[in-house]
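Report on one structure; see the data block that follows.
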Amino acid sequence: MLAFRKVRRKLRMGTICSPNPSGTKTLEVCNADWMASLPSHLHNVPLSNLAIPGSHDSFSYWVDEKSPVGPDQTPAIKRLARISFVKKVMKKWSVTQNLTFREQLDAGIRYFDLRVSSKPGDADQEIYFIHGLFGIKVWDGLMEINSFLTQHPQEIVFLDFNHFYAMDEAHHKRLILRIQEAFGSKLCSACSVESMTLRRLWEKKCQVLIFYHCPFYKQYPFLWPGKKIPAPWANTTSVRKLILFLETTLSERSPHGSFHVSQAILTPRVKTIARGLVGGLKNTLVHRNLPAILDWVKTQKPGAMGVNIITSDFVDLVDFATTVIELNDLLQEDRALVKC
């Protein structure tokens, strides 16, 4: 029965995504409308109890090795980066995704890990995504996300602005204004986490939850405080230690009042980078370890004390998003058991 429901849902959503307007890639599996395709009894379940796929350093599919090194780096790295080869190496370790925002959305990703910065010396106060090197302008990313949401009015996204660099009050106000301009009435005001269900958001025609890890959130009703979406970080290169950490932090998860992010990612150390200098993050850490991480995901169950949002690097290398989405079928099984 469970297998039948999975097949039926995939037929309902479609199996092939349309090419990106940019003509970059065509995804084999499309989860563009997976929230809209959930069975009706899950429409009243708090989003904090659903399994939701996310990406780590979501914007880092492109970084500019010709730009200055970002203010998130140490003075020593900035000095080394004067050598052109160093920036090429940095790029290999800064890029954590292959897919653009639109492609991630089509694949089913609904949580985005966002780190932003001004560019020192930039007179127009533009804000960019950043991970060692500068990425695209935040405005361009927001518009890409908004375009998808307009085409898929029942899909909900979490935008987690959790790191800010070289930003004063004027920069923050500019960024928040950009968020307002991009999403307008799609923005969801901060309120009780337990009240955030698909049905309620659909009724209000809200699609975007913005988390802002900075005191400025207090000044704007549509900014959610960072404490509402804790994302414990294992900071390890060991899959065994990562899984132990994920299990421990899940067991300590608060059952009420916040969402929860399980960061199923490995973090390179200096010696890791030194050993895999040319290979980069994907070839050195991710390729060989992601299958084991996915095996852990398959054993999980959503719910108040289960997984909620799960993030990964290079979400396209395995069937990550679909695997996370299908965990919600376990909630359907629970409902059948209750009926009996």
Side-chain angles (χ1 to χ4, degrees), residues 20-22 31-36 47-48 50 52-55 57-59 61 97 99-118 125-130 135-164 167 170-193 195-226 228-229 259 261 309 311:
N20 203 334
S22 65
N31 291 315
D33 290 296
W34 73 263
M35 288 180 161
L47 291 178
S48 56
L50 296 179
I52 299 170
S55 56
D57 285 323
S58 311
F59 52 86
Y61 52 85
Q97 301 297 335
L99 304 181
T100 66
F101 282 126
R102 177 62 193 237
E103 290 165 345
Q104 290 181 50
L105 286 160
D106 281 337
I109 299 300
R110 294 293 177 267
Y111 166 91
F112 295 90
D113 166 29
L114 306 175
R115 303 158 194 228
V116 298
S117 176
S118 70
Q125 294 191 319
E126 193 61 72
I127 310 299
Y128 297 81
F129 294 115
I130 191 166
I136 66 171
K137 293 179 180 179
V138 170
W139 173 250
D140 293 338
L142 298 182
M143 291 304 290
E144 189 174 357
I145 294 169
N146 184 62
S147 175
F148 171 87
L149 294 174
T150 298
Q151 295 167 17
H152 302 272
Q154 290 185 293
E155 299 305 298
I156 313 300
V157 297
F158 298 71
L159 304 186
D160 190 0
F161 289 86
N162 50 58
H163 286 73
F164 304 92
M167 288 179 60
H171 290 115
H172 279 282
K173 287 184 175 179
R174 180 179 176 84
L175 173 58
I176 294 167
L177 179 61
R178 287 297 209 184
I179 291 169
Q180 286 180 291
E181 290 174 341
F183 299 118
S185 62
K186 292 186 180 77
L187 292 167
C188 175
S189 295
C191 58
S192 163
V193 169
S195 69
M196 289 293 96
T197 66
L198 288 172
R199 189 176 303 283
R200 178 175 179 180
L201 289 167
W202 292 341
E203 289 171 353
K204 291 179 172 292
K205 300 187 186 307
C206 293
Q207 293 180 266
V208 185
L209 280 70
I210 303 286
F211 296 86
Y212 210 79
H213 296 242
C214 177
F216 279 99
Y217 79 83
K218 298 175 183 177
Q219 301 178 27
Y220 301 88
F222 59 85
L223 296 182
W224 292 64
K228 293 289 187 181
I229 194 160
F259 298 96
V261 181
I309 297 163
T311 63

Search all heavy atoms of [X] against all heavy atoms of [Y] and return the closest pair with its distance.
X	Y	answer
Cys191	Ser195	SG-OG, 3.6 Å
Leu223	Ala190	O-CB, 3.9 Å
Val116	Met167	CG2-SD, 3.8 Å

Contacts of type side-chain hydrogen bond (donor to acceptor under 3.5 Å, both in side chains), residue [X], not counting sequence neighbours:
X	value
Thr150	Lys186
Asp140	none
Glu155	Arg110
Ser185	none

When rounded to the nearest 0.5 angstrom, what is the spacing between [atom1] in [X] and [atom2] in [Y]?
X	Y	atom1	atom2	value
Asp33	Asp106	CG	CG	9.0 Å
Phe161	Ile179	CZ	CD1	4.0 Å
Met196	Leu201	CE	CG	5.0 Å
Leu159	Phe211	CG	CZ	9.0 Å
Gln104	Glu144	CD	CD	9.0 Å
Ile109	Ile52	CD1	CD1	11.0 Å

**Message:** Quick one, Gln207 with Asn146, criterion side chain to side chain contact (heavy atoms under 4.5 Å, CB included). Give me CA distance, side-chain angles, the key distance, then yes/no.
**Reply:** CA-CA 9 Å; Gln207 293 180 266; Asn146 184 62; over 6 Å; no
Are [X] and [Y] packed together at the side-chain level, in the sense that at least one heavy-atom pair is separated by less than 4.5 angstrom?
X	Y	answer
Cys188	Lys204	no
His171	Ile127	yes
Ile229	Tyr111	yes
Leu142	Val138	yes
Gln180	Phe222	yes

**Request:** Apply the side-chain hydrogen bond (donor to acceptor under 3.5 Å, both in side chains) test between Asp57 and each candidate in His163, Arg115, Gln97; give the one that qualifies.
**Result:** Arg115
Partner residues of [X] under the side chain to side chain contact (heavy atoms under 4.5 Å, CB included) criterion, sequence neighbours left out:
X	value
Lys218	none
Cys214	Phe164, His172, Tyr212, Phe216
Ser117	Pro71, Ile130, Phe134, Tyr165, Ala166
Pro225	Tyr217, Lys227, Lys228

**Asked** Partners of Asp160 by salt bridge (Lys or Arg N to Asp or Glu O under 4.0 Å), sequence neighbours excluded?
**Response** none
**Fill in**
Here the salt bridge (charged side-chain N to carboxylate O under 4.0 Å, His left out) pairs for residues 170-184, sequence neighbours left out, are Glu126-Arg174, Glu126-Arg178, Glu169-Lys173, Arg178-Glu181
**Message:** Checking Phe129 now: which residues fulfil ring-ring contact (aromatic ring centres under 6.0 Å, His included) with it, not counting sequence neighbours?
**Reply:** Phe59, Phe101
**Message:** Taking side chain to side chain contact (heavy atoms under 4.5 Å, CB included) as the criterion, tell me which of Thr311, Asn162, Ile309 meets it with Asp113.
**Reply:** Asn162
